[in-house]
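Have a look at the structure below before the remarks.
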Amino acid sequence: MLQEKEAHAAEMERSFIAIKPDGVQRGLIAEIISRFERKGFKLVAIKIVIPSKDFAQKHYHDLKERPFFNGLCDFLSSGPVVAMVWEGEGVIKYGRKLIGATDPQKSEPGTIRGDLAVVVGRNIIHGSDGPETAKDEINLWFKPEELTSYSSNTEKWIYGVN
Ligand code: UDP
Ligand code: MG
């Protein structure tokens, strides 16, 4: 039992997930949150913010050489973004699966982008692509005191660990 518990704790990770201005304006906040929530992931931080362009450039710094970088940062800073941290076993990788491919034309039906978006420049959601970026993005968007830590009674039913 203790081993199971330790294994569970070791697998636990956090991902930064953001609903971009198009997702917010289109009224998709609840739809997107419910997909992560129903899966069994746990929401540990959430806020709505309009990021500055400078902040958007920091968030997307890895893409600064790409031709779409400027337009992308203009877009991210054009309106409210719902910034979240979701926790769970495998949430970084599986969160990307829930989200679907970057280009909604290539996203499978059943994924968030596959079901709810049409073009790459308006693909409604961001999700961290690995453990390092997850850490960096959580630190960029949230202060430590904005992150909660709590246990939920559903966890024993989701993970089978008490
Ligand atoms: N993007 C774009 N044109 C492209 C590729 C990406 O406008 O050709 C935008 C798109 O909104 C994407 C974001 O840039 O979500 C970040 O790109 P990345 O490759 O990191 O995709 P993601 O991790 O969001 O799937
Ligand atoms: Mg990315």
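Note that the structure is predicted; figures quoted are calculated from it, not measured. Order of appearance sets the numbers: ligands from 1, and atoms from 1 within every ligand. Index from 1, following the sequence.
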Residue selection (non-hydrogen contact nearest atom 3 (N) of ligand 1) among F68, F69, F75: F68
In terms of relative ring orientation, are W141 and H59 parallel, tilted or perpendicular, with 30° and 60° separating the classes? perpendicular
Atoms of ligand 1 under 4.0 Å from any heavy atom of Y60, numbered from 1 in the order shown, are 16 (C)
Ignoring hydrogens, what is the shortest heavy-atom contact between D129 and I92? Give both atom names and the distance. C-CG2, 4.2 Å
Should the proximity of R113 to ligand 1, defined as any heavy atom under 4.0 Å, be assigned to the side chain, the backbone, both, or neither? side chain
Whether K20 lies under 4.0 Å from ligand 1, heavy atom: yes
Any side-chain to backbone donor/acceptor pair from E37 onto K42? Under 3.5 Å, distance only. no
Can you tell me if R96 has a non-hydrogen atom under 4.0 Å from ligand 1? yes
About how many Å separate NZ of K58 and CZ of F55, when rounded to the nearest 0.5 Å? 7.5 Å
Can you find an N/O atom of N123 closer than 3.5 Å to an N/O atom of ligand 1? yes
Region of L63 engaging ligand 1 - heavy atom pairs below 4.0 Å: side chain
Row check, F75 ring normal vs K20 NZ/CZ: under 6.0 Å, within 45°: no
Heavy-atom side-chain contact between H126 and V81 under 4.5 Å: no
Can you see which heavy atom on F68 is nearest to which on L63, and at what distance? CE1-CD1, 4.2 Å
My understanding is that we take every heavy atom of each candidate and find the minimum distance to atom 9 (C) of ligand 1. Doing that for I125, D129, T102, L72, which one comes out nearest? L72
May I ask you to identify, for V120, whether its side chain, its backbone, both or neither come under 4.0 Å of ligand 1 on a heavy-atom basis? both
